[in-house]
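Letters A, B, ... mirror the listed sequences (proteins, then strands); counts begin at 1.
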There are 2 protein chains.
Amino acid sequence: MKSLKDIADIIKKEDYFYILTHQSPDGDTLGSAAALCKALQKLNKHAKILCSDSIPTKYDYLFDGLKTQNFEAKFIVAVDIADTQLLGNPLFAYKDKIDLCIDHHPSNTHYAKNYFIDATAAANAEIIFDLINELNVFIDKDIANSIYTGLSTDTGCFRYSNTTSKTFRIAADLIDKDADFSMINKIMFDTKSKAKLELEKLVLQTLTFYFNNRCAVIEVTKEMLKQTNCNDSDTDGLTSLPRKIENVIAGITIKEKEPNIYKISLRTESPLNASKICQNFNGGGHSRAAGCTIEGNIDFVKNSFLAAIEKEIEEII
Amino acid sequence: MKSLKDIADIIKKEDYFYILTHQSPDGDTLGSAAALCKALQKLNKHAKILCSDSIPTKYDYLFDGLKTQNFEAKFIVAVDIADTQLLGNPLFAYKDKIDLCIDHHPSNTHYAKNYFIDATAAANAEIIFDLINELNVFIDKDIANSIYTGLSTDTGCFRYSNTTSKTFRIAADLIDKDADFSMINKIMFDTKSKAKLELEKLVLQTLTFYFNNRCAVIEVTKEMLKQTNCNDSDTDGLTSLPRKIENVIAGITIKEKEPNIYKISLRTESPLNASKICQNFNGGGHSRAAGCTIEGNIDFVKNSFLAAIEKEIEEII
């Protein structure tokens with residue numbers, strides 16, 4: 001792996017950048033991309049952000065201060081993307097052409113020509129903060145807002161155990177650079193659409209407990225989304241819900257993607273390793289948060305996953 | 001006002017401390033008291049914490065590493081107490097005997113012989129952090145946990161606009177001193193009892209919107225509490241729920257206290273003044289959060305309050 005200084009040196013030599021974000025974009029992939037894009041444009045380079053999915057309107061402010069530029073890329077950067085599978089269909093054509101990957105997922109598959117991966121970073125945006133400093137670009141309010149968005153969304157606003165003293169120190173620097181953290185926190189953590197609340201009501205009706213209340217499961221069907229006029233991104237916050245319940249060490253969200261295809265999100269308490277459990281189903285992620293996709297009818301999917309959970313719980317207790 | 005160094009010099013000369021916390025104790029008054037008490041004991045002084053109310057069990061860990069000592073106080077310190085009214089009845093006898101007050105409320109009434117008040121501190125525990133450094137006491141894990149508790153609880157885990165870069169930098173230092181922030185966040189912000197979740201499900205069924213979705217109302221009845229085995233303190237978090245809904249500027253929680261007596265909690269967005277609206281019903285509070293009590297049947301109570309809201313909304317829009 002190259003040093004961050006080497007990465008900065010490579011970037012300095014290039015002029016036409018596409019920055020790829022992962023499908024179902026979150027605050028960290030978008031915040032990382034927006035901060036980097038602004039920094040590159042400040043260096044008078046051409047840069048734009050690509051995403052396979054449409055970007056939820058709540059992230060609109062990330063694009064403040066960005067110029068829209070049309071050009072052919074000569075250098076392709078992927079941010080916060082552990083695996084090319086996560087590029088999504090429209091961007092999948094880039095999978096073998098990625099010049100640089102900047103990521104913080106330990107499961108990163110090293111698909112790019114150059115990469116910088118720091119699994120100790122709570123958010124990918126932490127690496128982007130260091131990189132922008134390495135590039136000697138002044139972090140203005142717009143860049144600060146973008147980095148803060150990555151930091152706060154990937155740490156549940158500094159709540160999750162992945163947060164480090166470095167995360168806090170970067171946040172302090174960003175506030176000193178006038179990041180509008182109060183506005184961002186309101187949008188990201190303190191606003192719920194009516195539709196989303198209706199969805200939550202339906203989903204809560206499915207809440208079921210297993211293994212002596214150590215495991216809680218919720219289900220989200222396409223019918224629920226339709227009924228409440230919600231889209232896929234409205235389900236984001238739901239995945240943290242079951243794990244919040246007292247004594248629960250495995251919180252599971254089973255989301256219907258297509259008929260007989262279910263995406264499972266797992267949130268765990270120590271020592272239960274979420275990534276290890278999801279690897280049984282060709283998934284992965286972090287030790288406290290991971291996911292996988294299982295095909296079959298809902299009962300088969302649920303029972304298969306619960307069996308894997310039970311095995312792990314038995315091993316650790 | 002004395003400097004923090006002067007305050008430290010005064011403290012160094014004393015040996016027998018009572019540390020008073022405010023009634024209905026929260027994480028900041030208790031965290032401040034616990035950190036200071038541990039620091040004083042490390043200086044081989046006698047110190048103990050007093051509170052008028054019993055301390056909720058979730059704060060048990062704050063008392064880790066504290067020695068229980070029986071002695072007569074010669075120096076009385078109040079932490080995070082804006083006014084002697086907030087001492088509560090059992091501690092009210094100390095109201096004219098307080099030697100030192102350390103506080104961050106701008107409304108502090110300067111009731112003590114010596115005081116140090118910093119209204120720019122997001123949490124009182126920030127001042128305690130500086131004071132302990134001024135006392136040259138090493139901040140160990142137990143002290144770090146106590147200060148972190150004050151910081152995180154008074155800022156909604158670094159979400160509220162009172163948070164500053166200093167808050168973040170102190171949090172970073174505390175994490176480096178091994179503060180168990182993940183455990184503390186889990187207890188304070190990320191744990192919901194099964195009973196409370198059941199209550200939330202019932203309460204959400206009552207959610208109603210008014211005035212073009214600018215106003216959202218939820219109701220909590222005694223029957224709901226009984227049915228879910230919840231007590232009054234389980235309703236705490238509910239009051240912030242309606243205001244979180246997109247476009248809502250007035251979030252109302254109507255809680256049945258006794259038959260035909262209802263407590264109303266109002267949360268507003270700028271420019272709607274919650275305190276002003278509640279004053280119509282002999283209530284009060286802050287501009288964004290206020291409350292009042294109205295007698296009558298539920299329909300009368302709701303309609304009376306909604307009429308007051310409508311009048312204000314019409315005035316500002």
TODO: State which residue, out of A:Leu174, A:Ile175, A:Asp176, fulfils the side-chain contact (heavy atoms from CB on, under 4.5 Å) condition with B:Phe168.
DONE: A:Ile175
Can you name the salt bridge (Lys or Arg N to Asp or Glu O under 4.0 Å) partners of [X], sequence neighbours left out?
| X | result |
| --- | --- |
| B:Glu219 | B:Lys302 |
| B:Glu200 | B:Lys192 |
| B:Asp234 | none |

Over all atoms of both residues, closest heavy-atom pair of [X] and [Y]:
| X | Y | result |
| --- | --- | --- |
| B:Ser165 | A:Ala172 | CB-O, 3.4 Å |
| A:Asn185 | B:Phe158 | ND2-O, 3.5 Å |
| A:Lys244 | B:Lys186 | CA-NZ, 4.4 Å |
| B:Lys201 | A:Gln205 | CE-OE1, 4.1 Å |

So [Y] and [X], do their side chains get closer than 4.5 Å, heavy atoms only?
| X | Y | answer |
| --- | --- | --- |
| A:Lys194 | B:Asn213 | yes |
| A:Arg159 | B:Arg159 | yes |
| B:Lys196 | A:Glu246 | no |

Taking side chain as everything from C-beta outward and backbone as N, CA, C, O, which of these in [X] sits under 4.5 Å from a heavy atom of chain A? Side chain, backbone, both or neither.
| X | result |
| --- | --- |
| B:Ser240 | neither |
| B:Asp173 | both |
| B:Tyr160 | backbone |

TODO: State the CD-OG distance between A:Glu269 and B:Ser182, to the nearest 0.5 angstrom.
DONE: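 Reported to 0.5 Å precision, the distance equals 7.5 Å.
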Task: Gap separating the CG atom of B:Leu202 from the CG atom of A:Leu204, nearest 0.5 angstrom - done: 11.0 Å
TODO: With a 4.5 angstrom heavy-atom cut-off, could you sort out which part of A:Thr167 is near chain B: side chain, backbone, both or neither?
DONE: neither
TODO: Would you mind checking which part of A:Ile245 comes under 4.5 Å of any heavy atom in chain B, side chain (CB onward), backbone (N, CA, C, O), both or neither?
DONE: both
TODO: Output the option from A:Asp190, A:Val248, A:Leu241, A:Leu207 having the highest count of non-hydrogen pairs under 4.5 Å with chain B.
DONE: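 Option with the greatest count: A:Asp190.
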- [ ] With a 4.5 Å heavy-atom cut-off (strictly below), which parts of residues 138-156 of chain A touch chain B? List them by number.
- [x]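 The list, in residue order, reads A:Tyr148.
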